[in-house]
Amino acid sequence: MPTVLSGRTLAVAATATALLATGIGAHAATADEAAAAAAVNKVLVIGLDGAVLDRVKAANAPHLNGLMAQGLTARSTLYANPMGATSSGPGWSTIATGVWPDKHGVKDNSFTGKNYTAYPDFLTRIENANPALNTYAAADWEPITSTDQNGPIFSAKVDKRLSLKGDRDGYRNEDPKIAAAAAAELRDQNPDAAFVYLGEIDAAGHSYGAASQQYLDTVARVDVLVGQLLTAVQNRPTYAQENWKVLVTTDHGHTNSGGHGGSTIQERGTFVIAKGAGIPAGSVRNDVKLVDVAATALAQVGVNPGSAIDGISVDAPDDGDAFDTLRPNLQARVDETGIPAGTKGFTHTPPAGWSVDNSKMGTGGVTEWAGWAFATDEFWSQAQRDQWRELNVRSRDVFAVADSDEWDDKSHTGSYDSTLITPKWAVTGGTTKNLTFQTHYRQEAGQTAQVLVSYNGGTPAVVKSYTADAVARSESIALQVPAGATDVQVRFRYTGSNNWYWTVDNVKLG
């Protein structure tokens, strides 16, 4: 059975390095951990355009399925318009830069608005941070590595780039050339960080649909090329002294009949597969996003971008988000009809220590959204497509949602008025604490969204009100703790009546 992880695992290599450096507890590190800590860290990212995870699993793809068995598999979903289309330009830009389209600026395949200067690709960040490291990129979709008017996504600072021209008929011919050249580079040269793109799976999706046998056959052909890359790494003369991390990902999904660009969950479906030291074999994660590919690659070679990117390395410590603990309790739909019956994705039961005050809520309405609920993107965004729910990209796994718009779709009395309440957190009077959380809010006249704070059980006071859209935002509110206070409690109160919605996630007091 796979190991299911609700949060982030601490990298074994990093732990072993710290133990060896300090000498403290070094006896606890295994020989494998010690070897990984002493090895030269390298990373390979393989991009498979338009690959659907379930179809990869169903195909004759021993190398890709072997990576999943030996490492981590994580599904996630993309944005949709107006943040960005589920197409290759935004997708590969997100993977390469580690930021979402609202930052890198690419919303479609025209590349209009691209902002790679402010948000460069991860290979360029590596070059900027440590020019001694060797970087490599190879692709047969030209905007990734070529210098045409749309690209390149991977900049001219990358030490070595290979660009071939593929198209729906040509990827079957060009992908093997990319794989052969990249395999030679990986085996015989000394890249520290490499990105290799293969495009034929996407071409099969367009021509035959993701549900077709031709699509499965194409996955099988591309899997052979992936095997060439993996074998090349393993055949390096210095492989025994190296610590490789391998990631496989995709830029978007495909419909069963073929195509992408829209907001269906099939088109928005992506994944990250990762294998390397510290990643448990057969593990499954729900909190990994596409932006984490760049963050993981950077961390592997010792480059820390800080807050400059949206991604978090898959090796980062568990951040302890309380909402994510609810995943085993998630339920299937009750009143919603647009959500597939088999999708388990909501609950009204808060995590330990939290509560929801519905004493002022109206009665009736759509069951799923009767007061603050806890949901996944796959569940909530399918409740009603193309109303910006898909833009909630900075929430991860399970998040809290108040949605008066969906609640109103069934008869009810009264209006929506629900308050989400945190545990009481210990504080010291006279200090400053930062309240941080991820939020996604859509404004309409007639609704309110307030963050309130109370100390020592006193009257809650408003510290933040939303009066305009706050799309996929990271919030930080400085709380001035009054003298004599020993605890603080935070409330998120949302009111409305057939208005929009508010989500919050990863609420921390730091």
[X]/[Y] ion pair, N-O < 4.0 Å:
| X | Y | answer |
| --- | --- | --- |
| R396 | D292 | yes |
| D175 | R221 | no |
| K289 | D310 | no |
| R75 | D54 | yes |

### Message
With side-chain contact (heavy atoms from CB on, under 4.5 Å) as the criterion, how do H348 and Q331 come out once you've worked through the C-alpha distance, each side chain's angles and the decisive distance to 0.1 Å?
### Response
CA-CA 9 Å; H348 283 294; Q331 308 167 39; 6.0 Å; no

Mark yes or no for whether [X], through its side chain, and [Y], through its backbone, hold a donor-acceptor pair below 3.5 Å.
| X | Y | answer |
| --- | --- | --- |
| N499 | S497 | yes |
| T250 | A51 | yes |
| E127 | L123 | no |
| H260 | D202 | no |
| H252 | T270 | no |
| T86 | G262 | yes |
| W372 | F492 | yes |
| W407 | G364 | yes |
| R333 | A383 | no |
| R442 | W500 | no |

Distance alone, cut at 3.5 Å: any donor-acceptor contact between the side chains of [X] and [Y]?
| X | Y | answer |
| --- | --- | --- |
| D49 | S88 | yes |
| T436 | S476 | no |
| D409 | W369 | no |
| N329 | T347 | no |
| Y441 | E475 | no |

Enter the distance from [X]:[atom1] to [Y]:[atom2] here, rounded to the nearest 0.5 Å.
| X | Y | atom1 | atom2 | answer |
| --- | --- | --- | --- | --- |
| I339 | F346 | CD1 | CZ | 8.5 Å |
| S395 | D287 | OG | CG | 12.5 Å |
| D469 | W388 | CG | CH2 | 5.0 Å |
| F111 | S93 | CZ | OG | 5.0 Å |
| D140 | R172 | CG | CZ | 14.5 Å |
| D121 | S155 | CG | OG | 5.0 Å |

### Message
Is the ring pair W502/Y494 parallel, tilted or perpendicular, if the boundaries are 30 and 60 degrees?
### Response
tilted

### Query
Is the NZ atom of K344 crowded by more than 12 outside heavy atoms at less than 6.0 Å?
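Not more than 12 within 6.0 Å, no.
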
### Task
Verify the neighbour count for atom NZ of K157: are there more than 12 heavy atoms of other residues, nucleotides or ligands below 6.0 Å?
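Incorrect, the count does not exceed 12.
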
With side chains defined as the heavy atoms from C-beta onward, is the minimum distance between [X] and [Y] less than 4.5 Å?
| X | Y | value |
| --- | --- | --- |
| D505 | D321 | yes |
| V106 | P90 | yes |
| V356 | F374 | yes |
| S465 | T448 | no |
| L247 | Q300 | no |
| K103 | T97 | no |
| E368 | D335 | yes |
| Q266 | V52 | no |

Taking all heavy atoms of [X] and all of [Y], pick out the closest pair and write down the distance.
| X | Y | value |
| --- | --- | --- |
| F399 | T376 | CE2-C, 3.7 Å |
| H254 | G259 | ND1-N, 3.0 Å |
| R385 | S263 | NE-OG, 3.0 Å |
| S87 | D108 | OG-CA, 4.0 Å |
| A375 | V401 | CB-CG1, 4.1 Å |
| T503 | N392 | OG1-OD1, 3.3 Å |

### Query
After noting the C-alpha distance and the side-chain angles of V366 and E406, does the key distance pass the side-chain contact (heavy atoms from CB on, under 4.5 Å) rule?
CA-CA 7 Å; V366 173; E406 283 301 295; 5.5 Å; no

#### Entry: Intermediate values then yes/no, side-chain contact (heavy atoms from CB on, under 4.5 Å), D377 and R268
CA-CA 11 Å; D377 174 77; R268 295 174 60 216; 2.8 Å; yes

#### Entry: side-chain contact (heavy atoms from CB on, under 4.5 Å) evaluation trace for L78 with V393
CA-CA 7 Å; L78 287 176; V393 292; over 6 Å; no

